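In what follows, every chain begins at residue 1, and chains take the letters A, B, ... in the order their sequences are listed. This is a predicted model, so every value here is computed, not measured.
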Protein chains: 2
Amino acid sequence: MAVNLDATDWAILSELQRDGRIPLSELGRRVSLSASATTERVRRLESTGVITGYSAAVDLAAVGYAVLAIVRLKYPGSHHEPLHRLLGRRPEILECLRTTGDDCYVMKVAASSMAHLEEIVNDLAEFGSANTNLVYSQTLPYRGPNPRR
Amino acid sequence: MAVNLDATDWAILSELQRDGRIPLSELGRRVSLSASATTERVRRLESTGVITGYSAAVDLAAVGYAVLAIVRLKYPGSHHEPLHRLLGRRPEILECLRTTGDDCYVMKVAASSMAHLEEIVNDLAEFGSANTNLVYSQTLPYRGPNPRR
DNA sequence: CCAAAATACCGGCGGATTCCCGGCGATCGG
DNA sequence: CCGATCGCCGGGAATCCGCCGGTATTTTGG
């Protein structure tokens, strides 16, 4: 599953994580490679599954989601389909991880207001006990993996 | 801070979150707009701060980070600089949110092995009591905001 | 050690895309 | 009614992408 990456590959990943829309020619310039060699590298990274896609980052507050919360859900039993259906129905649930420990699921939830958040948490509480923490600020917004020096 | 978005804007955001590298002409085709009108819309979304950037998504396991964990840190006191310095020194810490509740910080941490994870958590435990949960799987990988129907 | 093969890189060409215009039509305020 | 503003469209120049053959370096196998 793990692919071997050299310094140039890491440089490419770093640039593409910082700005996923730079032209390949510019990317080549930054990593000191010709455009075609860069293209080939990127294509390989994509086809080996290192790069799984590209996406625009959207500011939550700017689109009306003023509240962000971490919700931990203790979910007894093993009927997971209803939860999956809820994930499909609730775009406000932005991310959902299954974890070890007391809390089976950890989710990131966006809402436009506290009332809105309450509504979502009510839905979640149908499944188990939900523990909610509001997010003050993103001390460190998500950054992709970087080489361990 | 919040910007008003019409259905076309949301369609653009949706497409760009799904594939941040599609040509603007193709994007225009998908949202039924000319290339230049699309360009103008995207430019506006960028300059108003709705779109904060573009980035490539990198598979953690594929680059050697086989272990993912959620670490919650109870951090007494208000000396946050040392933690910030640690964030800069430890690329394995992928994300860090400051939250309400008992746990002041919630982080997402990637490691190549349990030993590696232990090392990182040791660093964190210098600051307060760290509570770690391993991630089995990403039930729902991060998806950006979508309109609340 | 040498030769053959494989790999990674470069440069150039045609087609597509982006960027920058001016122009058109609708909406708004006076 | 009229001028101004806004969003959209279409066109042309510059740029970029995808594909090609050719060259240098590394790897493989005898």
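- A heavy-atom distance below 4.5 Å is not found between the side chains of A:V106 and B:N133.
- D:dG7 atom C1' lies 12 Å from atom CZ of B:R43, rounded to whole Å.
- Between B:Y105 and B:Y75, the ring center distance clears the sub-6.0 Å criterion.
- What separates CZ of B:R41 from C1' of C:dC19 is a distance of 19 Å, to the nearest Å.
- When the nearest nucleotides of DNA chain C are assigned to A:E40 and A:R21 by heavy-atom distance, the more 5′-ward of the two goes with A:E40.
- Considering only side-chain atoms of A:S25, the nucleotide from C:dT18, D:dC17, D:dC9 that sits closest is D:dC17.
- Candidate nucleotides C:dC10, C:dT18, D:dC9 were compared by shortest atom distance to the side chain of A:S34, and C:dC10 ranks first.
- Under the 3.5 Å distance criterion, the side-chain polar atoms of A:T52 are left unmatched by any main-chain donor or acceptor of B:D59.
- Atom CG of B:D9 is separated from atom P of D:dC6 by 16 Å (rounded to the nearest Å).
- Comment: A:E119 engages A:R90 in a salt bridge, judged by a side-chain N to carboxylate O separation of less than 4.0 angstrom.
- Between A:A35 and B:R44, the residue anchored closer to the 5' end of DNA chain D is B:R44, taking for each the nucleotide with the nearest heavy atom.
- Distance B:E26 CD to D:dC17 P: 16 Å, rounded to the nearest Å.
- Rounded to an integer number of Å, the gap from CZ of A:R29 to P of D:dC17 is 10 Å.
- Residue A:L27 contributes atom CG, which lies 13 Å from atom P of D:dG18 at whole-angstrom precision.
- Considering only the side chain of A:L24, D:dC17 comes nearest among C:dC19, C:dT18, D:dC17.
- The distance between atom CD1 of A:I22 and atom C1' of D:dC17, rounded to the nearest whole Å, is 15 Å.
- In terms of polar N and O atoms assigned as donor or acceptor, the side chain of A:S36 never comes within less than 3.5 Å of the base of D:dG18 in a complementary pairing.
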